[in-house]
Amino acid sequence: MNNRETLKSILRKILLSAAIISTPFAVLAGGHSGDGKGFSSVVNSVTTEGTTGVIVHNTTSDFWHYENAPKGWPTATMATCHQSILFKAGQQAPAAIRIVCDSVDPDGDATLWTAEVDPATGVGTGKMVAGTGKYAGEEANPTFQTIYDLGSGKSIFQFKW
């Protein structure tokens with residue numbers, strides 16, 4: 001594969017990962033039911049090419065809106081997410097997708113999240129690893145998925161808990 005073909009392949013993978021993987025996740029309290037929507041925008045993307053695969057690392061700026069916010073939670077917050085997407089050499093579809101998000105809400109309370117996206121379905125599952133203030137001791141295991149790809153690394157997603 002020449003340099004031009006390699007660059008085209010990498011660019012296709014970045015665009016594919018942006019379309020599928022711009023699916024962040026949102027703060028969701030265990031024991032509550034409801035859903036919400038959010039907006040994600042890739043603000044940085046780094047591609048590392050190996051001999052047997054490629055890793056795309058995206059950093060996103062997210063806006064999370066809780067349609068049924070649990071008592072005491074803000075209606076909306078911002079987050080930063082770090083997405084690591086692994087592609088096997090010669091493959092267009094991701095082999096693995098992992099996400100870590102952090103957020104400090106308008107009240108100053110913080111959360112840290114991990115997630116995994118099923119490359120076959122695009123559906124993600126997450127978990128709140130830790131939180132401070134109102135989030136301390138909360139259990140949260142959201143599911144999420146992109147519902148509208150706006151292109152250029154921007155997407156609208158839906159989450160449920």
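Here, residue 1 is the first one in the sequence, and each next residue gets the next number. This is a predicted model, so every value here is computed, not measured.
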To the closest 0.5 Å, what do you measure between OG (Ser103) and CZ (Phe63)? 11.0 Å

For Asn44, all residues meeting side chain to side chain donor-acceptor pair (under 3.5 Å), sequence neighbours excluded: none

Applying side chain to side chain contact (heavy atoms under 4.5 Å, CB included) to Thr146 and Gln158, what does each step give before you reach the verdict? CA-CA 6 Å; Thr146 296; Gln158 184 169 3; over 6 Å; no

Side chain to side chain contact (heavy atoms under 4.5 Å, CB included) between Val100 and Leu112, intermediate numbers included: CA-CA 7 Å; Val100 175; Leu112 180 62; 3.9 Å; yes

Asp109: which residues meet the side chain to side chain donor-acceptor pair (under 3.5 Å) condition with it, sequence neighbours left out? Lys134

Checking Val56 against Phe87 for the side chain to side chain contact (heavy atoms under 4.5 Å, CB included) test, could you report, in this order, the C-alpha distance in whole Å, the side-chain angles of both residues, the deciding distance, and whether it holds? CA-CA 8 Å; Val56 176; Phe87 294 89; 3.8 Å; yes

Quick one about Ser155 and Asp149 (side-chain donor to acceptor, distance below 3.5 Å, no hydrogens or angles considered), yes or no? no

Go through the structure and list residues passing side chain to side chain donor-acceptor pair (under 3.5 Å) with His57, not counting sequence neighbours. Ser84

Evaluate Ile99 against Thr114 for side chain to side chain contact (heavy atoms under 4.5 Å, CB included), listing each step before the verdict. CA-CA 6 Å; Ile99 304 171; Thr114 60; over 6 Å; no

Excluding sequence neighbours, so at least two apart, what forms side chain to side chain contact (heavy atoms under 4.5 Å, CB included) with Leu150? Phe39, Tyr148, Lys154, Ile156

Residues passing the side chain to side chain contact (heavy atoms under 4.5 Å, CB included) test with Thr51, sequence neighbours excluded, are none

Between Thr60 and Asn58: side-chain donor-acceptor atoms closer than 3.5 Å: no

Test item: Glu49 side-chain N/O and Ile55 main-chain N/O as donor-acceptor pair under 3.5 Å: no

With sequence neighbours excluded, what pairs up with Val104 under the side chain to side chain contact (heavy atoms under 4.5 Å, CB included) test? Ala110

Could you walk me through whether Tyr66 and Asp35 pass the side-chain hydrogen bond (donor to acceptor under 3.5 Å, both in side chains) check? CA-CA 7 Å; Tyr66 313 117; Asp35 57 352; over 6 Å; no

Working for ring-ring contact (aromatic ring centres under 6.0 Å, His included), residues Phe159 and Trp64: CA-CA 9 Å; Phe159 54 85; Trp64 299 340; 7.4 Å; no

